Amino acid sequence: MIAYASRTGNVRYIVNRLQLPAVEIEADVTLEEPFLLFTYTDGLGEIPQKVRQFLDRNGAHCRGVIVSGNSNFGHQVFGKAGDAISQQWQIPLVRKVDMRGFSEDYEAIHQYYEQCFREELVG
Ligand SMILES: Cc1cc2nc3c(=O)[nH]c(=O)nc-3n(C[C@H](O)[C@H](O)[C@H](O)COP(=O)(O)O)c2cc1C
């Protein structure tokens, strides 16, 4: 399962391309199963508020974070929401994607997803 947040449609576009089970984040949603988080970056490298709230409820089930940003913001803050989430919730940073990303990004995400949930299934 991928839990995602998208404000202007880039993350939603990628999630649709991935064709993996996905749910859009609402602050009050509770997930009972492991998931990968996919978020955009806000402010100057900030975690979107509803993603923060979502993680406060569900962070324990999160197996990795994927972040979309815009590299034009500069490398100090590019995709920094992903670094911040990784640090604060001790979650592996799977991939930083520039805007809608490229096929290498989709392949890397797919690979991590399969590896991650194969291991979950095996235990
Ligand atoms: C107000 C605003 C602030 C942003 N701040 C950052 C930022 O600090 N770092 C970054 O990498 N991208 C930043 N972005 C770019 C978005 O994270 C990027 O376009 C992302 O692909 C948006 O995903 P979405 O279309 O799914 O909402 C910002 C975009 C907006 C509109």
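Just so you know, ligand 1 is whichever comes first in the structure, and atom 1 is the first atom listed for that ligand. Everything numeric in this text was worked out from a predicted model, so none of it was measured.
Within 4.0 Å of ligand 1, protein heavy atoms come from Ser6, Arg7, Thr8, Gly9, Asn10, Val11, Tyr40, Thr41, Asp42, Gly43, Leu44, Gly45, Ser68, Gly69, Asn70, Phe73, Val77, Phe78, Gly79, Met99.
When every heavy atom of Ala84 is checked against every heavy atom of Ile47, the shortest pair comes out as CB-CD1, 3.8 Å. Nearest heavy-atom pair across Ala3 and Phe35 is CB-CD1, 3.8 Å.
Taking the charged nitrogens against the carboxylate oxygens, Asp105 and Lys96 have no contact shorter than 4.0 Å, which rules out a salt bridge.
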Extract all donor-acceptor atom pairs below 3.5 Å that involve side chains of residues 8-16 and protein atoms in other chains or at least two apart in sequence.
residue, atom, partner, partner atom, Å
Asn10, OD1, Arg100, NE, 3.1
Arg12, NH2, Glu24, OE2, 2.9
Tyr13, OH, Arg17, NH1, 3.1
Asn16, ND2, Arg12, O, 3.4

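Here the side chains of Tyr113 and Arg63 are not in contact, with every heavy-atom distance at 4.5 Å or above. In this structure, the side chains of Leu37 and Leu55 come closer than 4.5 Å at one or more pairs of heavy atoms.
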